[in-house]
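Reckoned from all heavy atoms, side chains included, excluding hydrogens, waters and symmetry mates.
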Amino acid sequence: MSCILNAIVFQPAAHIVISLQHEQLLPCYQLDNHSQILSPYTRVGRFTFPYKGTEMIIGDGFQMLAQTGGTIDQPVAIGRCPDNNSEYRIYPQDAPNRYYNYLVIEQNKTFTLFGFTSCRRFAGYFEIHDQAIHAFIDGESCQCQVDEPDLLTLENIITIVSTSLDEVYQLFAQVINVNHPKRNQQLASPIGWCSWYAYYAGVSAQDIDLNVSRMDGDNSAIEWVLLDDGYQAYMGDWLTPSDRFTNGIKTVIANIKQQGKKPGIWLAPFIAEPSSTIFKQHPEWFVRHHNGELLKAETVTYGGWRCTPWYILDTSHPQVQAHLTHVVKTMREEWGVELFKLDANYWGTLKGQRYQRDCTGVTAYRLGMEAIAKGAGTAWLLGCNAPMWPSLGLVDAMRVSDDVERNDHRFSQIAQETFYRSWQHLSLWHIDPDCATLVDLVNQKTDHQSYLFHRDALLAAGGLLLSGDPLAQWNSFAQQSFLRLVHRQQLTQHAAVFKDLRLTTAELALPLTDGSVQQLYFAFNYIDDAEQEILLEAEYATDWFDFWSGACVAKNTSTYTIAMGSGLESHVFYTVKA
């Protein structure tokens, strides 16, 4: 059973009439805002929703690193960087918890989703209190004039109720796609290698050449080579190489293509450091505080992970838009880049004084991304550290988790971050669960059990599959695991489906070449989980096999119970249906 409240375009002082596809489950409501000044707390709706407080929830964050789980009364940050922490400071720590973009509540085996289905100009969020769900937009103190009707349009919103979590997400995605059609409709997620988690910012041309030389024979399915952060002279000067690339980036990319591989490159398009040429030559291109001083990111949010302070390009400025198009077009047409990993995108939405009057951070960001897309043509655009809903329709792929690190806590964290957003895969964009890191580095090590969990999480996630290991250091476990993950991608592009918000079990169908179907069953225990028994259920009595070893674990039964110890643990089993 499902129910949809049709998408609404809110307008100030307008009465909202909701037409239902089925019986009415939630009441009509009115827009609360009557002011021409849209504050950061402009309420656009109130839904009566009786709750006990123990209901499980998942709410998105404004930026990639933020999601909230737990229960209504005890919300829990999924990642390291909630929107209201002391670093990001998107809203005050003492304010009610915000759930940006969408909120799902699991109550009596029924799932209710409250969601914004557009993000053209304003970020939308929800709060839970007073036995109701309150919907807001961040108006960024924009002034709406009566003679400017386009400025009166806010955003679209929907509510969906169903006993199937998967159905809720599918219906939500369908309506989002009406407002923000998917970009380019790319078919297969890239399979490749990324330099960052092997060499970080110290990457050199020799490092790239060495790893490309390992992408033959059994490793020939590694098709993409992503040159990550570290190749540029300064943040902001993306066409100027560092001294570790003395022959230029164009030469490195030509070598990649000569080996039959597809090149990708990293850039953080909306930021620049003080030493960069672009910052020195064009201070008028940057966002300012309302007092006229140039805005440093650290004064309003997290200042960045290196080469700080970061200054923010004003993408409402036509010259900045032309600059971004030029940079990306040069990389695409002259260098031969076929994938752009666009990082630090969140900083493009920071609030400040811009060239265009009443230009919100969301609008500015979308203008910048459109300028990049103009230069990129049909090349892949991968968003990273991005504002989630402001990116709708503007990227082919989206990172949905924190950076991977070779330790059990980070593997557990990014698995949950990815699984809560895996419904977005192929519906909104290709998801990027971050890289497969399956061998130790000198200064970054973990135990084998953690690598097994990480491998299973990637098997369930699907999406982009990039190795982050130095390929010369691969052992047999790392190589064989990665190649099995490649084979899974070749059989299906879909992500495993989780049936509830606990994320303990998921299923995935792998169509085999002989016409049969290998049905995969996943069981996950996360870092803070206690011992538990997890019941896996098939539709019919059958034999059960361990996915990785092929060993039979149970015969002629429709159920299989796995005893999980406390802490990080995972298992994958399969049955075969002719």
Side-chain angles (χ1 to χ4, degrees), residues 65 67 69 76-81 193-194 196-200 399-422 431-486 488-489 495-496 498 502-506 508 520-534 546-549 551 553 562-573:
L65 296 173
Q67 290 183 82
V76 176
I78 304 301
R80 295 181 301 127
C81 303
W193 175 83
C194 173
W196 180 251
Y197 298 106
Y199 305 103
Y200 293 92
R399 261 281 295 282
V400 291
S401 74
D402 200 348
D403 283 8
V404 67
E405 286 185 4
R406 296 164 176 86
N407 68 68
D408 54 356
H409 283 271
R410 188 59 63 85
F411 284 156
S412 179
Q413 173 199 326
I414 66 173
Q416 293 173 78
E417 290 173 318
T418 297
F419 294 160
Y420 278 126
R421 288 177 172 147
S422 61
I431 64 167
D432 176 10
D434 209 12
C435 292
T437 53
L438 299 170
V439 298
D440 292 342
L441 299 182
V442 172
N443 60 345
Q444 198 179 110
K445 302 179 180 180
T446 192
D447 58 89
H448 188 64
Q449 179 75 13
S450 297
Y451 286 131
L452 293 175
F453 178 93
H454 180 49
R455 179 179 68 171
D456 287 347
L458 292 171
L459 182 71
L464 273 67
L465 177 60
L466 304 177
S467 171
D469 290 325
L471 297 183
Q473 296 180 31
W474 257 4
N475 53 32
S476 59
F477 165 78
Q479 182 186 38
Q480 292 170 16
S481 296
F482 191 83
L483 295 182
R484 286 289 299 277
L485 292 172
V486 169
R488 171 263 199 259
Q489 297 288 77
F498 289 85
R502 290 159 184 79
L503 299 183
T504 53
T505 63
L508 176 68
L520 271 56
Y521 301 85
F522 296 83
F524 290 101
N525 230 36
Y526 303 94
I527 195 72
D528 295 322
D529 285 347
E531 295 181 4
Q532 62 175 320
E533 288 191 344
I534 295 179
D546 179 89
F547 176 80
W548 295 102
S549 70
V553 297
I562 179 73
M564 307 283 271
S566 60
L568 206 65
E569 186 176 346
S570 61
H571 297 275
V572 188
F573 306 98

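Interatomic distance, CH2 of W474 versus CD of Q480, reported as 10.5 Å (0.5 Å rounding). To the nearest 0.5 Å, atoms OG1 (T504) and CG (D529) are separated by 8.5 Å. Note that OG of S412 is 10.0 Å distant from CD of E417, once rounded to the nearest 0.5 Å. Within the model, atoms CZ of F547 and CZ of F522 stand 7.5 Å from one another, a figure rounded to the nearest 0.5 Å. For the atom pair S467 OG and Y197 OH, the distance stands at 12.0 Å (nearest 0.5 Å). Here the OG1-CD distance, from T418 to Q413, works out to 9.5 Å after rounding to the nearest 0.5 Å.
Side-chain atoms of L508 and R488, non-hydrogen and from C-beta on, do get closer than 4.5 Å to each other.
Judged by distance alone, with hydrogens and angles left aside, the side-chain atoms of H409 form no donor-acceptor pair with the main-chain N or O of I527 at under 3.5 Å. Using a distance-only test at 3.5 Å, with no hydrogens or angles considered, a donor-acceptor pair links the side chain of N525 to the main chain of G565. Using modelled atom types, no side-chain atom of D432 and backbone atom of G463 make a donor-acceptor pair closer than 3.5 Å.
In this structure, L441 and A198 approach most closely via the heavy-atom pair CD1-O, 4.4 Å. Contact record, D456 with F524: O-CZ, 3.9 Å, taken as the closest heavy-atom pair. Listed here is the closest heavy atom pair of T437 and V404: OG1-CG2, 3.5 Å. Closest heavy-atom contact between F482 and L466: CE1-C, 4.0 Å. Heavy atoms only, all atoms of each residue included: L464 and P433 are closest at O-CD, 3.4 Å. The two residues L568 and Q449 make their nearest non-hydrogen contact at O-NE2, 3.6 Å.
Just one of S570, S450, S481 meets the side-chain hydrogen bond (donor to acceptor under 3.5 Å, both in side chains) condition when paired with R455; it is S481.
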Go through L459 and L520 one step at a time and tell me if the side chain to side chain contact (heavy atoms under 4.5 Å, CB included) criterion holds.
-> CA-CA 10 Å; L459 182 71; L520 271 56; 4.1 Å; yes
Full working for side chain to side chain contact (heavy atoms under 4.5 Å, CB included) between R80 and D402: CA-CA 8 Å; R80 295 181 301 127; D402 200 348; 2.5 Å; yes
task = Show your reasoning for whether side chain to side chain contact (heavy atoms under 4.5 Å, CB included) applies to D546 and F573.
result = CA-CA 4 Å; D546 179 89; F573 306 98; 4.3 Å; yes
Run the side chain to side chain contact (heavy atoms under 4.5 Å, CB included) test on M564 and H571 for me, step by step, so that the C-alpha distance in whole Å, both residues' side-chain angles and the decisive distance to 0.1 Å come before the verdict. CA-CA 9 Å; M564 307 283 271; H571 297 275; 3.5 Å; yes
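R406 and D469 are joined by a salt bridge, as a carboxylate oxygen and a charged side-chain nitrogen come within less than 4.0 angstrom of each other. Using a 4.0 Å cut-off between charged nitrogen and carboxylate oxygen, R399 and D434 count as a salt-bridge pair.
Looking only at atom types and distance, the side chain of N407 has a donor-acceptor partner in the side chain of E405 under 3.5 Å away.
Relative ring orientation between Y451 and F477 is described as tilted, the plane-to-plane angle lying within the 30° to 60° band.
Listed by chain and residue number, W544 satisfy the ring pair (Phe, Tyr, Trp, His ring centres under 6.0 Å) test with Y521 (two or more places apart in sequence, or in another chain). Checked against ring pair (Phe, Tyr, Trp, His ring centres under 6.0 Å), F498 has the following partners two or more places apart in sequence or in another chain: F419.
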